[in-house]
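No experiment lies behind these values; they were computed from the predicted model shown.
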Amino acid sequence: MAEYNPRAIEEKWQKRWAEARVFESDVDASKPIYYVLEMLPYPSGMLHMGHMRNYAIGDVVARVKRMRGFNVIHPMGWDAFGLPAENAAIQNNTHPRIWTNNNIEEFKRVLRRFGFSYDWRREISTCEPEYYRWNQWFFLRMLERGLAYRKKSRVNWCPKCQTVLANEQVVNGMCWRHEDTAVEAREIEQWFLRTTAYAEQLLDDLKLLEGGWPERVITMQRNWIGKSQGAKVKFAVADAPGAEAIEVFTTRIDTIYGACALILAPTHPLVDKLLKGSPEAAKVATKLKQMRQSSAKTEDLATAEKVGFFTGGYGKNPFNGEKMPIWVGNFVLLEYGTGAVMCVPAHDQRDFEFATKYGLPKPIVVQPVSGEPLNDASLKEPYTEYGRSVNSGPYSGLDSAAAIEKMTADAETKGFGKRETVFRLKDWGISRQRYWGTPIPVVYCAKDGLVPVPDKDLPVLLPPNPKLTGMGESPLAATPEFVNTKCPKCGGAARRETDTMDTFVDSSWYFYRYCDPHNDKAPYDSAKVGYWFPIDQYIGGITHAILHLLYSRFWCKVMRDLGMITHSEPAARLFTQGMVQKGGVAMSKSRGNLVGAMDMAEKYGADTGRLYTLFAAPPEKDLEWSEQGIEGCWRFVNKVFRLVDRHGERLRGVKGGKLDVAAASEKEKALLREAHQTLRRVTNDFETRWHFNSAIAQIMELTNEVHAAETHDVRPEALKEVLEMLTLMLAPMTPHLAEELWEMLGHGEGLPRVNWPKFNPELAREEEVEIVVQINGRVRGRMRVPAGLAEEEVTRRALQNPGVAAHMDGKRVVKRIVVPDKLVNLVVT
RNA sequence: GCCCGGGUGGCGGAAUGGCAGACGCAGAGGACUUAAAAUCCUCCGGGGAUUUUUCCUCAUGUGGGUUCGACUCCCACCCCGGGCACCA
């Protein structure tokens, strides 16, 4: 009697897998291809069960696909740049690289301990020059195409640190290190990638993802891109000859006759011009300053009170020539549309609130088609639905859709407006005033201005010994040997760009690099990528539903337009797994509720740990960590081990030939039937439904059956076949145990090369089935009949069933419903 | 406010319009043991009847509906979780 020793078994098989290089895969035209990928981790302090669950799911998929004959690529790497490393470096007076690489080592140790089937030859780390030089290369390509550009943009600035803060370093509007210091908004020149150039495609191509991506991720992306169609309308500014017109974006041009004012964003460039020389200027100066300073990003923005003031200027409604006061309002955003709106209080929620507060008129210009007509005096809330235009000059009487159409067309003809589509999506600001990121490869020369670093000079390396203080100017700017360089054009003195790139750049294309990780001539060989791509199954957290996935989709389209790839979307299928929680909240360092994956592996072994995360909940749902639950999996794993151990020696001798089914006993037939029925359901759970938890439940059930059958006279041929099936079904989840069992059953070759068992419908077929008999939909009896029995006969026997007869009691059958081999329902009166 | 999820025993969960509660956890009782652990066996939603057996009945957030039949589909509402939110 051997004892189950997970550590020894797991070490043994991991060693053999590595020696036989079973998880390495290369281009092979003879096999179907499967690319399964889990989102690459940021190597923080500890690999916890939340990470583990993600990789356990991916590994099941990878292993099942291998057993199904696919050429599987299953890589892993590190999202290694980022602020935490820099913070840790400051705190511990070390280098971000050391902290990062230590963490990577630790993560890797844990992943190896769990036996995940990665092709480690393909490992990448985004902080290595071999990787980030291609970020720079891509940046240059985008720069050439006008997809990368500089503009002034708002940043968070701590006056005490004298430095830029990342959003996550701003806590309730205060600096994270100076709780008493309010963060200021500052405008500085920064680099942007023109994601808006692809807004339409990013939206349209979501159609390609339908069915493959979760509906809600698609919805979130659609909302984020936020396309709205409407019109831009120019309002001339009255009494200000030479002043440009105010342009307004609206989706409801049909309500323009109800506009009572124009409202500008506080930061709108026209505000200062209008106030110059206006008697209002002095009165509102303080108010304006306040409005401009308050960050446009606070969460309570939507609920904050609307405030504004009259500028003293007037605009002219191009449709009816009416004079309209020009106001400034805090709820108007410069970033969206044109930074100016027309105020139609009767038909817009925000305008209604604003007009109510400042006593502006609320003329009604749309009436509902049915129901009570609106009345100016009694208007309690805005009417924002479509309806019929009223008091709208020649457009009165049209329904809203027609009015929008006609008024837009007229505005275009007359030259004061045009059809316009506006996106919520903004260009992607990639500048970070940080050290631990990819240097942006441009230099500034007094003579030649902005000069891109030539490809041959890439990578622009990070200086090895930066002064990291978290205070003052950006670390690269404070490193003279980095900043001072020669202009690639004229050879004269020049300064390097000192911003580094957002780490979302790193993760936007890493999965392409996996296909060709050591290429030093290009980001990747298009032929190799062409072979593996697209990703068949991408697996990760819902937290990345918007940014990472949107940027990746953008990058893909840019690469396609560069002629590097031919597809338009990187991942055909996306799966978002639920979080692992403890105490009802997601595991996180800040909450201090982490359960280390390594501790789990040490205590129960990798297989039990893997099994539990898959068993405890369906993969898309959140999972509450329970130490008790894992005990059950531990018991199960032991039970299977003992089961095979008890029979191993006897079964090893059984060679080849399966049991002749015709000669099989009832007990043997029943056992084989159970095994093949389990196989059918488990296969479906793995491949179609992704219900790993119920797959495991089925396997547990089969194990219980085998266990119960042991005492009966079951011949070794039958027992061996069932135990082999059991072993193979467990292999994707508890691979080390399965290998050991496979060996115990007398097999030489390693499991990763063994195919998924073949389902035999003959063996799975029931000879006799239990049929439920219902009277008026209520279960009144059950009976065993031969499978496939004709309806009439089933009904006849049902009526004879004693439980049924008791409920018939002279009643008449008016209808019968027969579900073959399952149920008969008799409707009686 | 808008958009998604979700609500089933003491707990995690199962049931793709056809036996609600599979499988596991926890709990109870028993076997083995000097004892414990481990293991094995039995029971395990509520109420009622019958008491060796079994039967009836209620029950999948609430209320309606569709259907021979609803955890499953439709409508309304309640609660929980998440996302978005002055987007003009």
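Minimum atom distance to the side chain of A:Thr250 is reached by B:rA88, of the listed B:rA85, B:rA88, B:rC19. Residue A:Val332 has its side chain nearest to B:rA88 when only B:rG13, B:rA88, B:rC19 are considered.
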- Message: Walk along nucleotides 70-75 of chain B from 5' to 3' and tag each nucleotide B, S or - by protein heavy-atom contact under 4.0 Å, base first, then sugar-phosphate.
- Response: ------
- Using a cut-off of 4.0 Å between protein heavy atoms and nucleotide atoms, how would you tag nucleotides 25-33 of chain B 5' to 3' with B, S and -? SS-------
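Of the P atoms belonging to B:rC43 and B:rA22, the separation is 12 Å, rounded to the nearest Å. For B:rG9 and B:rG64, the C1' atoms lie 27 Å apart once the distance is rounded to whole Å. Spacing of P atoms, B:rC55 relative to B:rA20, comes out at 13 Å, to the nearest Å. Separation of the C1' atoms belonging to B:rC71 and B:rA14 is 11 Å when rounded to the nearest angstrom. To the nearest whole angstrom, the two C1' atoms, one in B:rA85 and one in B:rC4, are 14 Å apart.
Ring-plane geometry between A:Tyr612 and A:Trp625 is classed as perpendicular, the angle between the planes exceeding 60 degrees on a 0 to 90 degree scale with a lower cut at 30. Aromatic ring pairs are classed by plane angle as parallel below 30°, tilted from 30° to 60° and perpendicular above 60°; the pair A:His548 and A:Phe504 is parallel.
Phosphate contact (OP1/OP2 of B:rC87, side-chain N/O of A:Thr251, threshold under 4.0 Å): absent. Within the 4.0 Å cut-off from OP1 or OP2 of B:rC87, at least one side-chain nitrogen or oxygen of A:Arg350 is found. Dashed line: the shortest gap from a side-chain N or O of A:Arg689 to OP1 or OP2 of B:rA15 is under 4.0 Å. Contact check, A:Arg780 against B:rC56: a side-chain N or O comes under 4.0 Å of OP1 or OP2. When the side-chain nitrogen and oxygen atoms of A:His691 are compared with OP1 and OP2 of B:rU16, none of them lie within a distance under 4.0 Å.
In this structure, A:Val580 and A:Gly50 approach most closely via the heavy-atom pair CG2-CA, 3.7 Å. The two residues A:Gln677 and A:Ala764 come nearest to each other via the heavy atoms NE2-O, 2.9 Å. Residues A:Pro363 and A:Ala346 come closest through the heavy atom pair O-CB, 3.3 Å. In terms of heavy-atom proximity, A:Ala56 sits nearest to A:Thr613 at CB-OG1, 3.9 Å.
Figure legend. B:rU33 is base-paired to no nucleotide; pairs are counted as Watson-Crick or G-U wobble with both atom distances under 3.5 Å. Pair check for B:rU54 finds B:rA49; Watson-Crick or G-U wobble, both atom distances under 3.5 Å. When both distances must be under 3.5 Å, the Watson-Crick or G-U wobble mate of B:rG5 is B:rC80. In this structure, B:rG24 forms a base pair with B:rC11, meeting either the Watson-Crick or the G-U wobble geometry with both donor-acceptor distances under 3.5 Å. In this entry B:rA70 has no Watson-Crick or G-U wobble partner, no candidate having both defining distances under 3.5 Å.
Two residues, A:Asn825 and A:Lys822, neighbour RNA chain B, and the one matched to the more 5' nucleotide by heavy-atom proximity is A:Lys822. In terms of position along RNA chain B, the nucleotide closest to A:Lys621 lies nearer the 5' end than the nucleotide closest to the other residue of the pair A:Lys621 and A:Lys639.
If you check every strand for non-hydrogen atoms under 4.0 Å, A:Glu620 touches nothing. Across all strands, A:Arg222 comes closer than 4.0 Å to no nucleic acid atom at all (heavy-atom distances). Within the nucleic acid shown, A:Glu215 has no heavy atom closer than 4.0 Å to any nucleic acid atom. Among the protein residues, A:Arg782 comes within range of the nucleic acid bases, having at least one heavy atom under 4.0 Å from a base atom.
In this structure the side chain of A:Phe423 reaches within 4.5 angstrom of the side chain of A:Glu200, judged on heavy atoms.
Scanning atom types as modelled, one donor and one acceptor separated by under 3.5 angstrom connect the side chain of A:Asn684 and the base of B:rU16. Checked by distance alone, A:Lys306 brings a side-chain donor or acceptor within 3.5 Å of a matching partner on the base of B:rC86.
Base orientation of B:rG9: syn (glycosidic angle within 90° of 0).
For the pair A:Arg796 and A:Glu793, the salt-bridge criterion is met [side-chain N within less than 4.0 Å of a carboxylate O]. Note on A:Lys822 versus A:Glu770: no salt bridge recorded, every NZ/NE/NH1/NH2 to OD/OE distance being 4.0 Å or above.
A search for side-chain contact (heavy atoms from CB on, under 4.5 Å) contacts involving A:Glu701 returns A:Gln698, not counting sequence neighbours.
Panel note: side chain A:Asn330, backbone A:Lys306; no donor-acceptor pair is recorded below 3.5 Å.
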